[in-house]
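Report on the structure given below.
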Amino acid sequence: MTNQEERLREEAYLKNCVRVIRRNIESYEKEIRERNAEIEDMYDRYRHDDPEIFTELSNTITMNENMKTALKKNRKALKKPYFGRIDIQESGRGKETFYIGKGGVMDGTTTILVVDWRAPIANVYYENGLGECTFLTPDNLSCTVDLQRKRTYEIEGDRLIDYYDSEVVANDELLTKYLAKNKEAVLGEIIATIQKEQNDIIRKSPYRSMIVQGVAGSGKTTVAMHRISYIMYNYGENFKPEDFYIIGSNRILLNYITGVLPDLDVYGIKQMTMEQLFVRLLYEDWNEKKYTIVPCTEQSFRKGTSAWYRELAAFCERLEDAVIPKEDLYLGDEVLYSSEQIRAYIREHANISIQGKIDALNIRALTKLRNEITGRDISYEPDQRKQLIKEFTGRFGPKKWKRSIYELYEEFLEKQAFLDTANGADRERIGRKSEKKAAKKPLDVYDLAALAYLYKRVKETDPIREAHHIVVDEAQDYGMMAYSVLKFCIPQCTWTIMGDVSQNIRFGFGLNDWEELKELILTDRNDAFAVLSKSYRNTVEISEFAQKILSHGSFSQYPIEPIIRHGNAVSVVETAGEEELLQRSAALLGTWQQDGHDTIAVVTRNASEAADVSKKLGGLIALAESDPEKAEFGKGILVLPVEYTKGLEFDAVLIWNPTHEDYPDDDGHAKLLYVAATRALHELAAVHMGDVTALL
């Protein structure tokens with residue numbers, strides 16, 4: 001077949017596919033209109049004592065929702081029906097061709113025109129070069145095929161732009177073409193450009209935990225979201241939306257994630273910050289009017305460690321030992337429940353709270369008593385039985401935990417030395433200062449973690465079902481205290497933990513390596529640690545600039561392999577003062593917008609500087625809402641403190657006045673400035689007033 005004939009054949013397939021999609025859309029729209037009318041009629045006829053109408057109404061509503069979902073999928077497919085194709089031959093069978101897209105497209109009920117990217121057969125497209133390869137069928141059976149062609153398409157609506165045959169899907173030439181687009185366009189092409197190492201993570205079994213070290217720009221957040229979509233598609237019977245939690249470092253990142261998920265047919269996933277998760281785990285013991293959540297301070301350094309967790313666990317051990325009686329329990333002169341039996345029960349039920357143990361021991365004591373007083377040859381009189389039962393009721397403690405967990409936490413804090421070097425009067429003073437601070441009720445993430453642990457360890461009696469799978473993004477921002485508490489409070493879930501230790505901007509209490517976390521989380525032999533070393537975000541020029549910043553640090557680094565995509569040089573601009581700084585920055589931002597860059601960030605050192613810059617710069621150029629509590633990721637110019645840009649990427653980034661005072665030449669600030677620099681897809685500039693950091 002000639003190239004021209006092949007082109008005409010591909011154009012014909014696309015034309016037919018578009019025709020079917022449009023017909024599907026018309027059909028679903030008609031069905032939905034008819035169902036809506038039926039539902040309205042049934043509501044008019046509905047009577048609460050008519051079970052037949054109720055059942056019919058429920059079934060019709062469910063069918064209508066399914067129709068709406070199918071309509072959404074077909075409308076999305078109309079924008080780009082598919083992006084890939086594989087031709088395979090199975091032994092003893094003819095050659096089969098599968099077109100692969102964001103969603104499946106059906107012609108009728110039996111003919112598949114486009115296979116969903118999450119389907120098992122689509123894995124051949126992402127995983128394999130030409131030749132013999134295997135994939136798992138929907139029945140989880142291994143199937144060997146001969147992959148004879150792998151093709152990738154550029155399509156816009158009903159128009160075929162081009163196509164490429166390659167052994168490596170989305171080769172660097174094609175990938176570079178996608179990455180050269182603005183941020184909004186790149187998001188639309190992600191599924192077509194998933195790389196093998198990313199695909200391995202996406203398709204990992206949800207019954208296993210994994211930690212992923214991914215360099216800046218390696219697609220960690222995107223991979224995590226596609227992983228959820230894959231799990232929902234292939235394990236839908238066992239995993240529902242409510243079974244997932246997504247944990248992000250701030251609200252802007254979570255809103256960005258929210259924008260990605262619907263395009264992946266994922267709805268109803270709970271998304272929260274780490275602080276919000278611990279508040280959730282406090283249940284009815286949280287009072288937002290009484291307590292406030294504050295950022296971490298230097299005191300958080302120790303509170304974020306696994307040592308702090310062990311100290312809190314030991315405190316609870318001592319508390320349990322003090323409040324639960326362990327002496328022999330007598331009935332008359334005979335031992336009814338021995339000290340050895342009591343201690344054995346406590347040891348064997350270590351995961352039950354103190355209150356849970358008290359309740360269980362009370363029940364066991366009463367059960368043993370009833371068995372004893374009803375099984376003797378000489379039975380007790382009714383009044384004697386009643387009196388004995390009264391005496392034995394609550395022998396191990398009351399039915400409800402009386403003390404507040406906040407009081408317990410203050411007691412714990414009082415007994416800890418906040419500074420290892422403090423002694424004597426200094427140590428006493430620090431304790432009083434901390435106690436006074438606690439009285440004002442500000443709590444950071446590690447205080448919340450400790451309180452959640454105390455709730456679970458001390459007073460929980462009715463465990464509430466939590467997530468089956470938790471995804472943590474920017475995981476390096478949290479210390480081992482947070483993960484140790486989560487592992488204790490939600491012991492049965494599996495994890496997808498994504499981060500980059502080179503981007504730990506939490507200095508003393510984040511993760512600088514993965515070793516402790518691997519030991520805690522990766523406990524099954526099939527759990528996995530993966531590394532994403534390719535950076536798809538930055539141009540070569542931006543990547544090299546960021547690497548020079550990181551080279552100032554004395555810490556070990558994971559290697560970075562940038563995709564070869566060139567762009568403009570990074571500019572470091574010196575100005576004569578604040579007025580010139582504002583004018584030149586506004587001019588540069590305007591030029592970037594004229595060049596078609598939709599998403600732009602001005603990155604400041606902290607929130608107060610961001611508010612000041614936003615106010616002044618806003619008089620020279622239109623800015624998007626930049627209040628971190630209100631801002632949304634999207635088109636326009638955002639002025640954000642560096643910590644709020646974590647996990648995000650922009651077409652262009654301007655680093656605002658990076659002074660030596662704001663970014664001293666040390667490990668922590670090298671990582672901080674590295675984060676700022678690696679947010680940029682295409683353009684990066686640093687504009688300053690002369691006292692520029694040595695890191696640049």
Side-chain angles (χ1 to χ4, degrees), residues 182-184 248-259 273 293-295 474 477 505 570-663 669 672-693 696:
N182 66 35
K183 176 61 183 168
E184 295 295 315
S249 54
N250 61 65
R251 194 192 55 79
I252 296 175
L253 175 59
L254 288 171
N255 287 344
Y256 167 70
I257 292 170
T258 303
T273 62
I293 300 173
V294 296
E474 301 300 332
D477 284 354
I505 64 172
V570 177
S571 57
V572 179
V573 180
E574 182 175 351
T575 64
E578 184 181 55
E579 186 59 34
E580 186 184 351
L581 178 65
L582 287 164
Q583 293 290 343
R584 294 192 67 170
S585 296
L588 182 57
L589 295 169
T591 299
W592 284 345
Q593 287 186 315
Q594 290 173 7
D595 291 343
H597 297 308
D598 293 331
T599 58
I600 300 173
V602 177
V603 181
T604 67
R605 175 62 183 87
N606 52 48
S608 59
E609 186 178 50
D612 182 60
V613 171
S614 184
K615 182 178 179 181
K616 294 173 180 176
L617 195 59
L620 301 174
I621 192 168
L623 302 177
E625 173 60 68
S626 294
D627 183 340
E629 297 307 313
K630 300 176 183 176
E632 303 283 346
F633 178 86
K635 293 183 179 180
I637 302 170
L638 281 168
V639 181
L640 294 173
V642 60
E643 64 183 272
Y644 277 86
T645 66
K646 295 291 293 298
L648 303 176
E649 54 187 32
F650 302 86
D651 293 330
V653 169
L654 186 151
I655 301 175
W656 182 270
N657 197 29
T659 65
H660 178 73
E661 181 181 355
D662 283 342
Y663 297 95
H669 289 88
L672 195 67
L673 196 56
Y674 172 76
V675 167
T678 53
R679 300 308 95 196
L681 275 162
H682 307 298
E683 298 281 0
L684 176 65
V687 184
H688 64 92
M689 293 186 288
D691 183 26
V692 69
T693 172
L696 296 184

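The structure displayed is predicted, hence computed values, not measured ones.
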If you define the side chain from C-beta out and look only at heavy atoms, does anything of E683 sit under 4.5 Å from I600? no
Just how far is it from atom CG of L253 to atom OH of Y256, taken to the nearest 0.5 Å? 8.5 Å
First locate atom CD1 of I637, then atom CG of L589, and finally report the distance between them rounded to the nearest 0.5 Å. 4.5 Å
Side-chain touch V642/I505, heavy atoms, less than 4.5 angstrom: no
List the atom of G248, the atom of L254, and the distance in Å for their closest heavy-atom pair. N-CD2, 3.6 Å
Using 0.5 Å steps for rounding, measure from the OG1 atom of T693 to the CD1 atom of I655. 10.5 Å
Do the non-hydrogen side-chain atoms of E574 and H688 ever get within less than 4.5 Å of each other? yes
With salt bridge (Lys or Arg N to Asp or Glu O under 4.0 Å) as the test, pick out the partner of K616 among E579, E609, E578. E578
Side-chain contact test, heavy atoms from C-beta onward, threshold under 4.5 Å: evaluate it for Y644 versus L638 and give yes or no. no
Which atom pair, heavy atoms only, marks the closest approach of P658 to A686? CG-CB, 4.3 Å
On a heavy-atom basis, which atom in S249 and which in D477 lie closest, and how many Å separate them? CB-OD2, 3.7 Å
Report yes if some heavy atom in the side chain of V639 is under 4.5 Å from a heavy atom in the side chain of W656; otherwise report no. no
How far does CG of D595 sit from NE2 of H682, to the nearest 0.5 angstrom? 11.0 Å
Would you mind reporting whether N657 and T575 have side-chain heavy atoms less than 4.5 Å apart? no
Heavy atoms of T599 and G634 approach each other most closely as CG2-O, 3.5 Å
Report yes if the side chains of Q583 and L620 come closer than 4.5 Å at any heavy-atom pair, otherwise no. yes
With rounding to the nearest 0.5 angstrom, report the CG to OG distance, L617 to S585. 6.5 Å
Taking T659's backbone N and O only, do any of them form a donor-acceptor pair with D691's side chain (distance below 3.5 Å, no angle check)? no
Nearest heavy-atom contact between A677 and L684 is O-CD2, 3.7 Å
Sorted by chain and number, sequence neighbours left out, salt bridge (charged side-chain N to carboxylate O under 4.0 Å, His left out) with E580 holds for R584
Closest approach of R605 to D662 (non-hydrogen atoms, all atoms of both residues): NE-O, 3.1 Å
Once rounded to the nearest 0.5 Å, what's the spacing between atom CD of E643 and atom OG1 of T604? 9.0 Å
Parallel, tilted or perpendicular for H669 and Y663, by the 30°/60° rule? perpendicular
Would you say the side chain of K646 lies within less than 4.5 Å of the side chain of V675, judging by non-hydrogen atoms? yes
